[in-house]
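What follows is a short report on a single structure.
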Amino acid sequence: MLITFKCRAAPEVVMLENLAQYLVGIIGKQLGARGVITHDELPAAISKLEAAIVTDKQEIAEHEGHFHEGEEGHEHHELPIGLAQRAFPFLDMLRAAHRENSDVLWGV
(Lines give C-alpha, C1' and ligand atoms only; values in the text may rest on other atoms or scores of the structure.)
Protein backbone atom coordinates (compact mmCIF):
# COMPACT_ATOMS: atom_id res chain seq x y z
CA MET A 1 0.00 0.00 0.00
CA LEU A 2 1.18 3.52 -0.76
CA ILE A 3 1.21 6.34 1.79
CA THR A 4 1.07 9.95 0.64
CA PHE A 5 2.48 12.69 2.84
CA LYS A 6 1.22 16.21 2.18
CA CYS A 7 2.02 19.72 3.32
CA ARG A 8 1.55 23.21 1.91
CA ALA A 9 5.32 23.85 1.80
CA ALA A 10 6.44 20.96 -0.43
CA PRO A 11 5.29 18.56 -3.15
CA GLU A 12 3.61 15.34 -2.02
CA VAL A 13 5.87 12.47 -0.98
CA VAL A 14 4.60 8.98 -1.80
CA MET A 15 6.21 5.84 -0.38
CA LEU A 16 5.46 2.24 0.40
CA GLU A 17 3.73 1.62 3.71
CA ASN A 18 6.62 -0.31 5.29
CA LEU A 19 9.07 2.54 4.64
CA ALA A 20 6.54 5.12 5.84
CA GLN A 21 5.97 3.12 9.01
CA TYR A 22 9.73 2.90 9.60
CA LEU A 23 10.37 6.62 9.04
CA VAL A 24 7.39 7.75 11.09
CA GLY A 25 8.51 5.35 13.85
CA ILE A 26 11.98 6.93 13.89
CA ILE A 27 10.44 10.29 14.66
CA GLY A 28 8.30 8.83 17.44
CA LYS A 29 4.92 8.61 15.74
CA GLN A 30 2.71 5.72 14.72
CA LEU A 31 1.50 5.28 11.17
CA GLY A 32 -2.27 5.15 11.41
CA ALA A 33 -4.79 5.47 8.63
CA ARG A 34 -4.52 9.24 9.15
CA GLY A 35 -1.95 11.30 10.95
CA VAL A 36 -0.20 14.59 11.38
CA ILE A 37 3.22 15.88 12.33
CA THR A 38 2.49 19.34 13.67
CA HIS A 39 4.82 22.26 13.04
CA ASP A 40 5.67 22.19 16.77
CA GLU A 41 6.85 18.57 16.43
CA LEU A 42 9.00 19.20 13.36
CA PRO A 43 12.30 20.29 15.01
CA ALA A 44 12.46 17.12 17.11
CA ALA A 45 11.32 14.96 14.18
CA ILE A 46 14.00 16.41 11.91
CA SER A 47 16.70 15.89 14.56
CA LYS A 48 15.68 12.26 15.16
CA LEU A 49 15.65 11.45 11.46
CA GLU A 50 19.01 13.16 10.86
CA ALA A 51 20.53 11.23 13.80
CA ALA A 52 19.20 7.93 12.40
CA ILE A 53 20.73 8.76 9.01
CA VAL A 54 24.13 9.48 10.60
CA THR A 55 23.99 6.16 12.46
CA ASP A 56 23.00 4.32 9.28
CA LYS A 57 25.87 5.90 7.34
CA GLN A 58 28.33 4.85 10.05
CA GLU A 59 27.04 1.27 9.95
CA ILE A 60 27.35 1.20 6.15
CA ALA A 61 30.90 2.57 6.35
CA GLU A 62 31.83 -0.15 8.86
CA HIS A 63 30.19 -2.76 6.65
CA GLU A 64 32.15 -1.55 3.60
CA GLY A 65 35.34 -2.59 5.36
CA HIS A 66 34.19 -6.21 5.18
CA PHE A 67 34.09 -6.29 1.40
CA HIS A 68 37.05 -7.73 -0.47
CA GLU A 69 36.86 -5.69 -3.63
CA GLY A 70 39.31 -6.66 -6.31
CA GLU A 71 40.48 -9.84 -4.57
CA GLU A 72 40.41 -13.07 -6.50
CA GLY A 73 37.61 -15.44 -5.60
CA HIS A 74 35.40 -12.71 -4.20
CA GLU A 75 32.40 -11.40 -6.05
CA HIS A 76 31.67 -7.71 -6.27
CA HIS A 77 29.06 -6.77 -3.69
CA GLU A 78 26.81 -3.78 -4.13
CA LEU A 79 25.97 -1.91 -0.98
CA PRO A 80 22.29 -1.65 -0.15
CA ILE A 81 20.57 1.69 -0.49
CA GLY A 82 20.92 3.47 2.83
CA LEU A 83 18.48 5.36 4.97
CA ALA A 84 19.76 8.70 3.67
CA GLN A 85 18.59 7.89 0.14
CA ARG A 86 15.28 6.47 1.26
CA ALA A 87 14.49 9.22 3.76
CA PHE A 88 15.66 12.25 1.76
CA PRO A 89 12.31 13.23 0.16
CA PHE A 90 10.55 12.90 3.52
CA LEU A 91 13.28 14.79 5.39
CA ASP A 92 13.22 17.49 2.73
CA MET A 93 9.46 17.81 3.22
CA LEU A 94 9.86 18.06 7.00
CA ARG A 95 12.46 20.80 6.60
CA ALA A 96 10.28 22.75 4.15
CA ALA A 97 7.26 22.41 6.43
CA HIS A 98 9.36 23.67 9.35
CA ARG A 99 10.51 26.73 7.38
CA GLU A 100 6.91 27.53 6.41
CA ASN A 101 5.35 26.69 9.83
CA SER A 102 3.23 24.05 8.13
CA ASP A 103 2.00 20.65 9.30
CA VAL A 104 2.71 17.35 7.50
CA LEU A 105 -0.37 15.16 7.00
CA TRP A 106 -1.07 11.69 5.68
CA GLY A 107 -4.23 9.74 4.97
CA VAL A 108 -6.25 12.80 3.97
Compile the donor-acceptor pairs under 3.5 Å between side chains in residues 94-107 and protein atoms, sequence neighbours left out, one pair per line.
from	atom 1	to	atom 2	distance (Å)
Arg95	NE	Glu50	OE2	3.4
Arg95	NH2	Glu50	OE2	2.6
Asp103	OD1	His39	N	2.7
Asp103	OD1	His39	ND1	3.3
Trp106	NE1	Gly32	O	3.1

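- Note that CD1 of Ile27 and CD1 of Ile46 are 9.5 Å apart. Values are rounded to the nearest 0.5 Å.
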Side-chain donor-acceptor distances from residues 11-26 under 3.5 Å, at least two apart:
none

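- When all heavy atoms of Met93 and Cys7 are compared, the pair lying nearest together is CG-SG, 3.8 Å.
- Atom CD of Gln58 and atom CD1 of Ile53 lie 12.5 Å apart (nearest 0.5 Å).
- Atom CZ of Phe90 is separated from atom CD1 of Ile37 by 4.0 Å, given to the nearest 0.5 angstrom.
- The main-chain N or O of Ala52 is never found under 3.5 Å from a side-chain atom of Lys57 such that the two would form a donor-acceptor pair.
- Contacts of Ala44 classified as side-chain contact (heavy atoms from CB on, under 4.5 Å), with partners at least two apart in sequence or in another chain: none.
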